[in-house]
Amino acid sequence: MSTKIKQIIDIIKSECPEYSNSDIENAIIKHLEINLPDIISNVKLPEKSPTSFSHKIKGFREKIQRRKLSIDSSKIELINDLENIQDYLKENHKYDSADIITQDIIDIDKSSSTNRANLLNVDTHIARIEHEMEEEYNEDDNTLKKLRDMTNDSK
Amino acid sequence: MIQNNGIIEYHLLPHEKLKINKVNIIHSLDFLNEFNISKVYNWIIFSNNEDIKICISTSGIIEISIDINLSKIEESIQLLDKLAKKIVSMLNLKEKFLIDLYIAGLEKIGIESLIKQKIEYNELDFDFKSEIKVRIIKNAANRIILIKGADNVEKITQIYSTLTSTKISNSDFQIKEINLIQSKTLTKEILLNN
C-alpha cells in the first residue's frame with residue numbers, strides 16, 4: 001500500500017476514531033467500486049484525447065448503474081432487518097409498534113424507487129446524448145437483434 | 001437523430017430471498033461469455049459496454065436494462081421476459097418470481113391529460129386491479145412508469161397498453177393513498193387471518 005493511501009486512512013481514522021481499520025478500508029473500497037469506471041477511464045486515457053468524452057459518458061453511465069444497484073442492495077438489507085423487527089414485535093403482541101415499522105417499510109420502498117427513477121431519468125438523458133454523438137441510426141434495431149440472438153434456444 | 005429513445009429495466013424478484021454463489025452465476029451463464037463481467041457489492045454485472053446490461057444479485061434478483069427506441073417497446077418487453085426466464089432456467093432457480101418494470105423516457109402518456117384533470121402532481125400511485133402497483137413519476141422532460149408486482153409479462157404489457165391508450169377511463173384505476181391507518185388495518189387483518 002502506498003504512503004499516500006496510508007495517509008488517507010490516517011485522516012479518516014482521525015475523523016472517525018470509533019471505527020476500525022477494516023471498517024475504514026471497506027468504506028474506501030465501496031467508494032472506489034462506485035467510482036471505478038471514472039478511475040479506469042482516467043488511467044487509460046490522456047486528459048484531452050478525442051475519445052475521452054465518450055469514454056467519460058460510458059463511465060458516467062456505469063457509475064449511475066452502480067448507484068442504482070447500491071440503492072437496491074441497501075433497500076433489500078434494510079427491509080429484511082425491518083421485517084425481522086416486525087416479526088419480533090408481532091410475536092410479542094406489540095401490534096401498534098409493528099404498524100409503525102410497516103409504514104417505515106412502505107416509505108423506504110417508495111423513496112428507493114423514487115431515487116432509482118431519478119437516476120434512470122439522468123441515465124436516459126445521458127443515453128440520448130450518447131446516441132446523438134454516435135449517430136448510430138440503427139442502434140435500436142441492433143439492440144433487438146442482440147436480444148433475439150441471446151434468447152435463441154439454440155445458443 | 002434517434003427519436004423517442006429511452007431505457008427499459010426489467011426486474012425479476014424472487015418471492016423468497018435466495019442464496020446464489022457468484023462463481024455459479026458466472027459459470028452457469030456461459031452464453032454471456034462475450035460480455036464484460038464485473039462485481040459490485042452482492043451483484044454480478046454482465047455488460048456489452050453498449051446497450052445491454054444484466055445484473056444478477058446473490059439473493060436471486062435479475063435486472064436487465066436496455067437502451068431502446070420506445071416505439072418497439074412491446075416486443076422489447078417480451079424479449080426481456082424471455083431472456084430473464086432463460087437466465088432463471090440456466091441458474092436452475094425453482095422459485096416463483098414477480099416482475100417490476102421501469103420504463104424511462106416516455107414523453108407522451110395517454111393518461112397524462114387525465115392526471116392533469118385529477119390532480120396537479122409530479123408523482124402518482126395507482127392501485128391497478130389490486131395486486132399490481134403502478135407509479136408514474138414526472139422528471140424534467142421524461143415520464144417514468146414503474147409497474148410493480150405482476151407475476152407474468154402479459155399483465156405488464158396489458159397495463160402498459162392501458163396506460164398509454166387514449167381511451168383510458170376512470171374505472172381502469174384508482175389513485176392509491178397508502179397511509180398509516182390502512183397499513184394498521186392491513187397488519188391486523190393479516191393477524192386475524194392467521
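Both backbone and side-chain heavy atoms feed into the values below; hydrogens, waters and symmetry mates do not. Chain identifiers are assigned alphabetically (A, B, ...) following the order of the sequence lines, protein sequences preceding nucleic acid strands; residue numbering begins at 1 within each chain.
- Rounding to the nearest 0.5 Å gives a distance of 4.5 Å between OG of B/Ser38 and CZ of A/Arg66.
- Between atom OH of residue B/Tyr102 and atom CG of residue A/Leu119 there is a gap of 10.0 Å, rounded to the nearest 0.5 Å.
- Both the backbone and the side chain of A/Asn118 come within contact range of chain B, with heavy atoms under 4.5 Å apart.
- Taking hydrophobic clusters as Ile, Leu, Val, Met, Phe, Trp and Tyr residues chained together by side-chain heavy-atom distances below 4.5 Å, B/Phe35 shares a cluster with B/Ile68.
- In this structure, chain B has a heavy atom under 4.5 Å from the side chain of A/Lys68, while its backbone stays farther away.
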Verdict with supporting geometry, A/Leu69 and B/Glu63, side chain to side chain contact (heavy atoms under 4.5 Å, CB included): CA-CA 9 Å; A/Leu69 294 178; B/Glu63 299 188 359; 3.7 Å; yes
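- Contact of B/Ser71 with chain A is not made at all, since no heavy-atom distance falls under 4.5 Å.
- In this structure, the separation between NZ on B/Lys82 and CE on A/Met150 is 12.5 Å, given to the nearest 0.5 Å.
- For the atom pair OG (A/Ser113) and CG (B/Asp100), the distance works out to 9.0 Å, reported to the nearest 0.5 Å.
- Atom CZ of A/Phe60 has 12 or fewer neighbouring heavy atoms from other residues, nucleotides or ligands inside a 6.0 Å radius.
- The distance from atom CG of B/Asp67 to atom OG1 of A/Thr124, rounded to the nearest 0.5 Å, is 8.5 Å.
- A salt bridge is absent between B/Glu34 and A/Lys146: the closest approach of a Lys/Arg side-chain nitrogen to an acidic carboxylate oxygen does not fall below 4.0 angstrom.
- Residue B/Leu83 touches chain A through both its backbone and its side chain, counting heavy-atom pairs closer than 4.5 Å.
- The local environment of CD in A/Glu83 is crowded, with over 12 non-hydrogen atoms from other residues, nucleotides or ligands closer than 6.0 Å.
- In this structure, the side chains of B/Ser57 and A/Asp72 stay at 4.5 Å or more apart for every pair of heavy atoms.
- Hydrophobic clustering of Ile, Leu, Val, Met, Phe, Trp and Tyr side chains at less than 4.5 Å, counting indirect connections, keeps A/Ile79 apart from B/Leu18.
- Within residues 41-48 of chain B, the residues having any heavy atom under 4.5 Å from a heavy atom of chain A are, by residue number, B/Tyr41, B/Asn42, B/Trp43, B/Ile45, B/Ser47, B/Asn48.
- Looking at B/Ile54, the atoms closer than 4.5 Å to chain A (heavy atoms on both sides) all sit in the side chain, from C-beta outward.
- Follow the hydrophobic side-chain contacts under 4.5 Å out from B/Tyr10 and you reach B/Met90 in the same cluster.
- Residue contact with chain A, scored on non-hydrogen atoms closer than 4.5 Å, involves the side chain of B/Lys148 exclusively.
- With a threshold of 4.5 angstrom between heavy atoms, B/Ile64 does not approach chain A through any atom at all.
- Taking CG of A/Leu120 as the reference point, atom CD of B/Glu9 lies at 5.0 Å (rounded to 0.5 Å).
- Scanning all heavy atoms of the two residues, the minimum distance from B/Ser76 to A/Leu144 falls at OG-CD2, 3.5 Å.
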Verdict with reasoning, A/Ile76 to B/Ile61, per side chain to side chain contact (heavy atoms under 4.5 Å, CB included): CA-CA 10 Å; A/Ile76 294 164; B/Ile61 298 170; 3.1 Å; yes
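- The residue among B/Val40, B/Asp30, B/Leu146, B/Ile87 with the most heavy atom pairs within less than 4.5 Å of chain A is B/Val40.
- Proximity to chain B (any heavy atom under 4.5 Å) is shown, for A/Ile29, by neither the backbone nor the side chain.
- Note on A/Ile105: it does not cluster hydrophobically with B/Leu98, by side-chain heavy-atom contacts below 4.5 Å among ILVMFWY residues.
- At a threshold of 4.5 Å between non-hydrogen side-chain atoms, the residues B/Glu75 and A/Leu147 do not count as touching.
- Inter-residue side-chain proximity for A/Arg61 and B/Ile7 is flagged as met; some heavy-atom pair is nearer than 4.5 Å.
- Between A/Thr114 and B/Arg135, the shortest heavy-atom contact is OG1-NH2, 3.0 Å.
- At a threshold of 4.5 Å between side-chain heavy atoms, the hydrophobic network of Ile, Leu, Val, Met, Phe, Trp and Tyr places A/Ile85 and A/Ile108 in one connected group.
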